Peer 1: 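There's a structure below that I have some questions on.
Each ligand, and each atom within it, is numbered from 1 in the order the structure gives. If you're wondering where the values come from, they're calculated on a predicted model, not measured in any experiment.
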Amino acid sequence: MATGMTDAGKVNLFGLDREGLAGWFAEQGEPAFRARQLMQWIYRRGETDFAAMTDMSKALREKLQRLAVVEPPVVVGEQLSADGTYKWLLAPAGQPDTRNAVETVFIPEADRGTLCVSSQVGCALDCSFCATGKQGLNRNLDTAEIIGQMWLAERQLRSKDGGQGRVISNVVFMGMGEPLANYRNLVPAIRLLLDDLGFGLSKRRVTVSTSGLVPFMDRLHAEVDVALAVSLHAPVDGLRDELVPINRKYPLVELMAACDRYTAGKDRRAHVVYEYVLLDGVNDGPEQARELAGLLRNRSAKVNLIPFNPYPGALYRRPEEGRIRAFQDRLHHAGIRTTVRRTRGDDIDAACGQLVGRVQDRQKRHFRDIPIKQEAPRREAQP
Ligand code: SAH
Ligand code: SF4
């Protein structure tokens with residue numbers, strides 16, 4: 001089992017969903033109900049020390065200690081934005097030197113608390129406007145590292161919140177990396193998010209965002225069917241080829257057909273969220289708004305406009321407020337539901353596309369040296 005092995009050759013049980021755990025216990029000659037028992041300890045009570053799991057025999061606890069760990073990542077950096085957004089830099093437990101750290105962001109809102117998780121260290125897909133893409137792909141996270149982000153964020157938030165209830169109500173795979181390029185490790189993590197004995201989230205509260213890996217969109221639909229967000233960013237192939245290079249492999253006609261399959265046969269409310277980063281003078285004109293409306297007409301679609309979040313060395317600019325508004329109005333007039341994503345945590349570089357982890361930070365500055373600014377971050381008006 002390559003996934004979730006520690007340096008000491010032990011299995012990290014954060015990496016196994018309920019079925020995987022039952023299978024692992026079976027290999028150890030233990031009954032399947034042990035999986036349920038263990039999940040209750042890990043996810044209900046937040047216990048990671050086998051010695052404390054007193055409803056298992058001492059012999060079993062010792063065996064578990066020999067073979068396995070329940071090991072969350074370690075926090076190597078934490079920042080709190082003026083708007084309440086948290087950003088953590090998390091490293092694998094065995095390598096707290098931050099070489100392989102990823103970022104996880106918690107965004108509190110009035111009616112929900114959203115955790116934005118990473119799926120890869122870096123990303124190979126090289127979208128022209130994305131800071132994560134600029135660093136290339138370092139490696140895939142394993143399931144234990146994906147679930148570890150959720151487990152740890154929940155503990156962190158609870159400890160800050162005086163131990164009050166669960167505060168993460170939604171999970172979005174919109175951190176570092178392309179989740180569908182790490183499909184093998186993604187699916188067991190999603191299963192744990194949905195499992196009543198795991199985090200118990202409903203399917204519509206877990207969103208996978210993809211730049212359009214068509215074959216894996218179909219598999220996701222068949223296997224876990226959580227909410228889908230697609231990073232469209234351009235309404236025609238020429239421009240999309242430039243901004244989202246994976247479009248050359250899966251052009252719009254194939255991508256849109258996959259989106260249609262994703263919502264086919266579902267109830268009226270089901271839709272794909274189309275993300276559209278607004279780049280000043282590049283994809284934000286009246287012509288593109290018209291083409292976008294044409295592309296999405298008669299589809300189960302919502303558009304989420306993301307005004308470009310700048311970072312050092314970026315080639316693009318965020319359009320002015322009036323231009324953003326005009327683009328949104330054009331889509332509204334065409335009958336397309338359109339929201340503008342409010343920028344959160346941009347004073348701590350936690351906004352979409354600004355997550356670069358340590359890989360790139362290391363060359364520029366030290367994460368812990370970045371001061372937490374106190375001025376209010378810029379906000380886009382919510383429609
Ligand atoms: N790889 C996945 C998910 C991570 S990025 C994907 O591409 O969908 C989450 C969203 O942020 C995507 O829509 C992505 O295109 C967008 N994004 C990336 N860089 C950005 C930037 N600098 N400003 C605004 N949005 C950005
Ligand atoms: Fe990768 Fe998404 Fe960034 Fe594109 S936008 S480079 S797919 S993380």
Peer 1: Find all atoms of ligand 1 within a distance of less than 4.0 Å from any non-hydrogen atom belonging to Ile306, and give their numbers and elements.
Peer 2: 13 (O), 24 (C), 25 (N)
Peer 1: Ring-plane angle category for Tyr316 and Phe308, please: parallel below 30°, perpendicular beyond 60°, tilted otherwise.
Peer 2: perpendicular
Peer 1: Applying a 4.0 Å heavy-atom criterion (strictly less than), which segment of Thr210 is in contact with ligand 1: side chain, backbone, both, or neither?
Peer 2: backbone
Peer 1: Got an N/O contact under 3.5 Å between Gly177 and ligand 1?
Peer 2: yes
Peer 1: Does any N/O atom on His233 come nearer than 3.5 Å to any N/O atom on ligand 1?
Peer 2: yes
Peer 1: Is there a side chain to side chain contact (heavy atoms under 4.5 Å, CB included) between Val75 and Leu90? Walk through the geometry before answering.
Peer 2: CA-CA 5 Å; Val75 178; Leu90 303 178; 3.8 Å; yes
Peer 1: Return a yes/no value for Tyr311: is any of its N or O atoms, backbone included, closer than 3.5 angstrom to an N or O of ligand 1?
Peer 2: no
Peer 1: Which of the protein's N, O or S atoms come within less than 2.8 Å of atom 3 (Fe) of ligand 2, not counting waters?
Peer 2: Cys130 SG
Peer 1: If you define the side chain from C-beta out and look only at heavy atoms, does anything of Gln288 sit under 4.5 Å from Tyr276?
Peer 2: yes
Peer 1: Under 4.0 Å from ligand 1, counting heavy atoms only, is it the side chain of Asn309, its backbone, both or neither?
Peer 2: both
Peer 1: At under 4.0 Å between heavy atoms, which part of Glu178 makes contact with ligand 1: side chain, backbone, both or neither?
Peer 2: both
Peer 1: According to the interplanar angle, ranging from 0 to 90°, do the rings of Tyr262 and His221 count as parallel (below 30°), tilted (30 to 60°) or perpendicular (above 60°)?
Peer 2: tilted
Peer 1: Does Arg248 come within less than 4.0 Å of Asp237, counting only side-chain N to carboxylate O?
Peer 2: no
Peer 1: Heavy-atom contacts with Glu275 under 4.0 Å: which atoms of ligand 1 show up? List them by number with element.
Peer 2: 10 (C), 12 (C), 13 (O)
Peer 1: Using a distance-only test with no angle check, is there a side-chain donor-acceptor pair under 3.5 angstrom linking Glu275 and Ser209?
Peer 2: yes
Peer 1: Given the protein's heavy atoms, is any one of them under 4.0 Å from atom 2 (Fe) of ligand 2?
Peer 2: no
Peer 1: Please tell me whether Phe216 and Leu232 are part of a single hydrophobic cluster in this structure, the criterion being side-chain heavy atoms less than 4.5 Å apart.
Peer 2: yes
Peer 1: What atoms in ligand 1 come closer than 4.0 Å to a heavy atom of Gly175?
Peer 2: 4 (C)
Peer 1: Ring of Trp41, cation from Arg44 - is the NZ or CZ under 6.0 Å from the centre and inside 45° of the axis?
Peer 2: no
Peer 1: Below 4.0 angstrom, N of the basic side chain to O of the carboxylate: do Glu30 and Lys63 qualify?
Peer 2: yes
Peer 1: Kindly work out whether a path of hydrophobic side-chain contacts (I/L/V/M/F/W/Y, heavy atoms less than 4.5 Å apart) joins Leu67 to Leu38.
Peer 2: yes
Peer 1: Could you tell me which atoms of ligand 1, counted from 1 in the order shown, lie closer than 4.0 angstrom to a heavy atom of Ser211?
Peer 2: 6 (C), 7 (O), 8 (O)
Peer 1: Give a yes or no on whether Glu320 atom CD has more than 12 heavy-atom contacts from other residues, nucleotides or ligands under 6.0 Å away.
Peer 2: no
Peer 1: Numbering the atoms of ligand 1 from 1, which are under 4.0 Å from a heavy atom of Phe308?
Peer 2: 21 (C), 22 (N), 23 (N)
Peer 1: Does Cys123 form a side chain to side chain contact (heavy atoms under 4.5 Å, CB included) with Thr132? I'd like the steps, not just the answer.
Peer 2: CA-CA 6 Å; Cys123 180; Thr132 304; 4.1 Å; yes
